Every structure is written in C-alpha cells, then in structure tokens.
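Below you'll find the structure, written out as structure tokens, and then a few comments.
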Protein chains: 2
Amino acid sequence: MNKIIMSSHKTTSTAAPEKFGFRDVKREVFERIRNNKWGPGTQLPGEVELASTFGCSRATVNRAMQELSDDGIIERRRKGGSHVKLAPIRQVKFEIPLVRVEVESRGSEYRYQLISSEVMAAPHWLQVRMDLQVASPVRHVRCLHSADGAPYQYEDRWINLFAVPRAEDANFSKIGPNEWLVNEVPYTNAEVRFGATNADHTISQHLKTIDGDPIFLAERSTWHAGVQVTFVRLYFPRGYQMIAKY
Amino acid sequence: MNKIIMSSHKTTSTAAPEKFGFRDVKREVFERIRNNKWGPGTQLPGEVELASTFGCSRATVNRAMQELSDDGIIERRRKGGSHVKLAPIRQVKFEIPLVRVEVESRGSEYRYQLISSEVMAAPHWLQVRMDLQVASPVRHVRCLHSADGAPYQYEDRWINLFAVPRAEDANFSKIGPNEWLVNEVPYTNAEVRFGATNADHTISQHLKTIDGDPIFLAERSTWHAGVQVTFVRLYFPRGYQMIAKY
DNA sequence: AAGTGGTCTAGACCACGAC
DNA sequence: TCGTGGTCTAGACCACTTC
C-alpha cells in the first residue's frame, strides 16, 4: 500500500554519498511540494533530471513519481511532464472485513442468527435495483449479527439464483450468506452506498432500538462476470461508526 | 491506482510469441487464483519460476506480484514466498473532493454561506476530542453548502488556532474554512467517522428538514505534524448517499 | 516531430526470516 | 544458513501528446 504519510527529511548531515532509494526520492519530492517550493500546478523536472539530481537511476525516480501519482499528489502525462495537482485529492481507503471477523477482532463474541429465508421471483423494485431482465428467481435472506449478545448488524439480502444457482440449497442457518458468498464467489466487483435512515418497526425490533431511531445504512451491490450476484442492505444500530483513515 | 478489476483472459488464440507485460502476468495469476487453480493458502511459484513460465524478466513478475499484494489478493514474505490470502480483504477506496467541486461536478450551482464564526477557548469536550493539552484558542465556524439552492451540507467546524494561527483572521465569508485550510495546510493526515444521527432543531432548520429526521453524519479529525488542526462535523440531509466502488 | 513518461530487461546486491 | 522477495542499475524501445 502506498503510504501518503511521510515524515522527516533524510538526514543530510555529514558527507557520505548517500544512496537515494525510491522512498527517499519520493519523500524528498513530496517535501518540496509540501514546503510550497513546488507549488500547485508547478511543472516538475523530468525523470532524467531528477535522476541526476538525486544521483540514482531513472527507474528509481520513476517508481517514486508513480507512487506520488497514485497517491494523488501529482499528475503525469507523456510529453506533458509531471505537475503538482492543483487540488490534492483526499483518498480514503478502508477495509470491509467479514462481520464475524470484525466483531471477533474487537474481542467480542460473535453470534449469527437466521431470521427468514425464502425463494421467490424478484419483485419489480429489485429487478430495477439488480438490473435483472425478468423476474428471475432470487433468494431473500434476513439475518442478524450480534456482538456479545447485543444486536450489531441487521442484514437484508437478495441473491440472484440465476447467477449463483447453488445458493438455492445453501444452508444459511449456521453460516451467514455473506460468508458463504465470499467463499463461493470470491473476487467480485461491488459498489457500496452509505446513508442514513429511520428504523421502521421491523428494524427496531431486531436491533432493539426504538421506532424512528436513526440508522446507519450501507447498501452493497455485487457483480461477478458482469452479472449482479447480490444486493444487500445492512442496518447498524445507533452509535455504530465506520472509521477510515487517510 | 492499482485496479482490482480485471477481466477476460489474454487472447491465447493463434501462435505469435506473445509478450507478457506486468499487466498480463497480474491478470494471469489473478485468473488462476479466481479459478481456484491456486486456492486460498496456496504457495505460489517463486518469481524466477513465474518469469520463465511467462517468458518475461523477473522485474516484470515482481511488479505484477507487488500489485496483487497491494490489492490484498496475495501475501508475500521473504524466504516464505507468496501465498494466496485465506480471506480476501475487501478494500474500498473513495475520494473526498471539496464540497464545491462535488456539487459543481454534478452540474449544480454551488453556493456557500457563512452562518457564524467566533474565537473562543476550547470547551472541555473539544479538548478531549482534539487532544488539546489546555483550553487552547479555537475558532468555531458554522456554515452551509447548497446545491441549486437546496441545502447540501451543514458544516460545524473547530480550528485549532495554536496549530494554524493565520486562521484567526481568515475571511470565511466567501470561501469556506475547508477550502481555505486545504490551501493553507495541505497534505494533512485525517481520520473520518461515518454514522447516523437525528436532526436537532439547529440542524433541521439549516438543512430544511424536520426535527428528528435521520441525518448522515461524517466527522473528520485532521492532523499536521502531529498536531490536530481541525475537527469538523458534516451533516447531510436525508437522501444523501456516499458511493464507493471496489 | 520531438519530448516525456511507460515499460521491459538482464544482471546484481541486499535483507529478511523460515528452516 | 540460504532461499525468496526488495530494490537498484544502465540501457533500450515504445506510446502518448503536445508543440
């Protein structure tokens, strides 16, 4: 993972023809950008020049600059050269572990409970949501994840049985559909939407909150090989916070 | 940016000694992992072996494998070799643009409005939140961002004047404190927390919603050189959704 | 057309850490 | 100890894009 975080200068104390690795080059260039020595929009020296400046090969400079580009600090174009971005883009990156892992990593006891499961034809709104051509058969599963006995996440999931036929007979009484799907259909593409909503009666009942309580809601759509595999709504009780660092 | 998304095989149709670039190697290895040819936990061939397999140099293989490692698909250790991760970690990455840019990129007209501004000693709860040693002077700014005349984001911000003295006299009537800070103190570290809350009277008034309406809330703490620069709460009206893909 | 980044190579040395 | 990944090099060719 490329780190945006970079600290202290390279100790440019005594003599010794210091060897500049790509990390050093990266830090040095970043430092100059941060010091406004190379302000927003500035065209940076070419790779060849930087290489001679830092006394290293062009390949080393290239790697450094490439990471700075990945980090959203600079922009690069062939023939155009490298420029300091006008507005640095804040990139937030965070990981979405399995609920079970998330709970257990907090030292809490994880419990899973299946609430309902049924196979049916996709209702119209879902056809739209999942971009289904017709009323394909889907499996609708609702379940609850708990941490130390307290409701942690209420899951309302729809699985496209056309995309994952084996899900029709899968047993979700012990293992949740998410964990099952991760093993069955790994490496999918997904889109997540975060938002807020109010707890309706069903939700408040399962999450043990009060009707109307604010709920942090995450919706996730998952594709595999161009076909939408599943659509899920995750409801978190008041107090839950998703944390990301950058 | 490393893409986790990879599609189709390399067309291995006719003859022609295809040249394998690092993207090809990456895709090929990933494909084998996805096909369960190399299941979770499998030790992958070493770089030298892969290089001869794919008919390219070790450096090329190295780059491919490094990206797979960054993507969270495999784990690598010296002497230990590369292994397929047991539980693939879903990494979500998304960008947080300036509100103004976000609004304008939707083709809406952005409007900014300063609601209040005052300099004061940090209240106790804020000292805790911002990890301040004493009741440092802070500037408290509240403002509203609108899109096409409709409330888009209500911002409640505290700036540590010890960290950014110039913020005391900054004029926030035209330019919002966030945009000002991004220019003044770029390249900070931050932590964001997402959650849900209910609109209190102040919020609902500014966002033109009803008291008790669910609000999507983002809290952000920002550091520079180890000192917390600012703490901000961002309130979004119902219907706002933050979208991330992976 | 020409300059700049993008990528590859073959070889080398190093550093970590499993055995 | 010694195999594996981490990194660097010097040189090369290519591909985009601006000029």
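Bear in mind that the values here come from a model prediction, so they are computed numbers and not experimental data. Throughout, protein chains are lettered first and strands after them, A, B, ... in sequence-line order, and every chain is numbered starting at 1.
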| said: We want to know whether A:Thr230 and A:Arg220 form a side-chain donor-acceptor pair, criterion being a heavy-atom distance below 3.5 angstrom. | reply: no
- With under 30° as parallel and over 60° as perpendicular, where do the rings of A:Tyr187 and B:Phe30 fit, or are they tilted in between? perpendicular
- Item | Phosphate contact (C:dG6 OP1 or OP2) by A:Asn62 side-chain N/O below 4.0 Å | yes
Worksheet item: Just wondering, more than 12 heavy atoms not from B:Arg129 lying within 6.0 Å of its CZ?
Response: yes
key: Phosphate OP1/OP2 of C:dG5: any A:Gln66 side-chain N/O under 4.0 Å   = no
inquiry  = Could you check whether A:Gln228 and A:Asp131, counting side-chain N and O atoms only, form a donor-acceptor pair closer than 3.5 Å?
reply    = no
Just the table, please: protein N/O against nucleotides 16-18 of chain D N/O, every pair under 3.5 Å.
from	atom 1	to	atom 2	distance (Å)
D:dT17	O4'	A:Arg78	O	3.3
D:dT18	OP1	A:Arg77	NH1	3.0

message: Can you tell me how the ring of A:Phe236 sits relative to the ring of A:Tyr152, calling it parallel under 30°, perpendicular over 60° and tilted otherwise?
response: perpendicular
message: Tell me whether the count of non-hydrogen atoms from other residues, nucleotides or ligands lying under 6.0 Å of CZ in B:Phe94 goes above 12.
response: yes
ask   = Is any side-chain nitrogen or oxygen of B:Arg76 closer than 4.0 Å to OP1 or OP2 of D:dT4?
value = no
- Do B:Leu44 and B:Trp38 have side-chain heavy atoms sitting under 4.5 Å apart? yes
When rounded to whole Å, the CD1 to C1' distance for the pair A:Ile74 and C:dG5 reads 11 Å
Subject >> Ion pair B:Glu31/B:Arg27, N-O distance below 4.0 Å >> reply: no
* Asked: Would the B:Phe194 and A:Tyr240 ring centres measure less than 6.0 Å apart?
  -> no
Within residues 37-47 of chain B, those residues having any heavy atom closer than 4.0 Å to DNA chain C are none
Rounded to whole Å, the CG-P distance (A:Leu50 to C:dT4) equals 12 Å
Are any protein N/O atoms closer than 3.5 Å to N/O atoms in nucleotides 9-11 of chain C? If there are, list each pair with its distance.
from	atom 1	to	atom 2	distance (Å)
C:dT9	OP2	B:Ser57	N	2.8
C:dT9	OP2	B:Ser57	OG	2.8
C:dT9	OP2	B:Thr60	OG1	2.5

(Q) Between A:Tyr112 and A:Glu179, is the side-chain hydrogen bond (donor to acceptor under 3.5 Å, both in side chains) condition met? List the steps. (A) CA-CA 11 Å; A:Tyr112 163 79; A:Glu179 202 152 345; over 6 Å; no
Practice item. Would you confirm whether B:Asn171, through its side chain, and B:Ser173, through its main-chain N or O, come within 3.5 Å as a donor-acceptor pair? Key: yes
Original post:
Are B:Arg23 and C:dT7 close enough that a side-chain N or O sits under 4.0 Å from OP1 or OP2?
Top reply: yes
Rounded to whole Å, the CD-P distance (B:Glu75 to D:dG5) equals 14 Å
**A:Ser82 side chain near C:dT4 phosphate (N/O to OP1/OP2, under 4.0 Å)** = no
In whole angstroms, the gap separating C1' of D:dC8 from NZ of A:Lys26 amounts to 17 Å
To the nearest angstrom, the CZ-P distance between B:Arg63 and D:dC8 comes to 14 Å
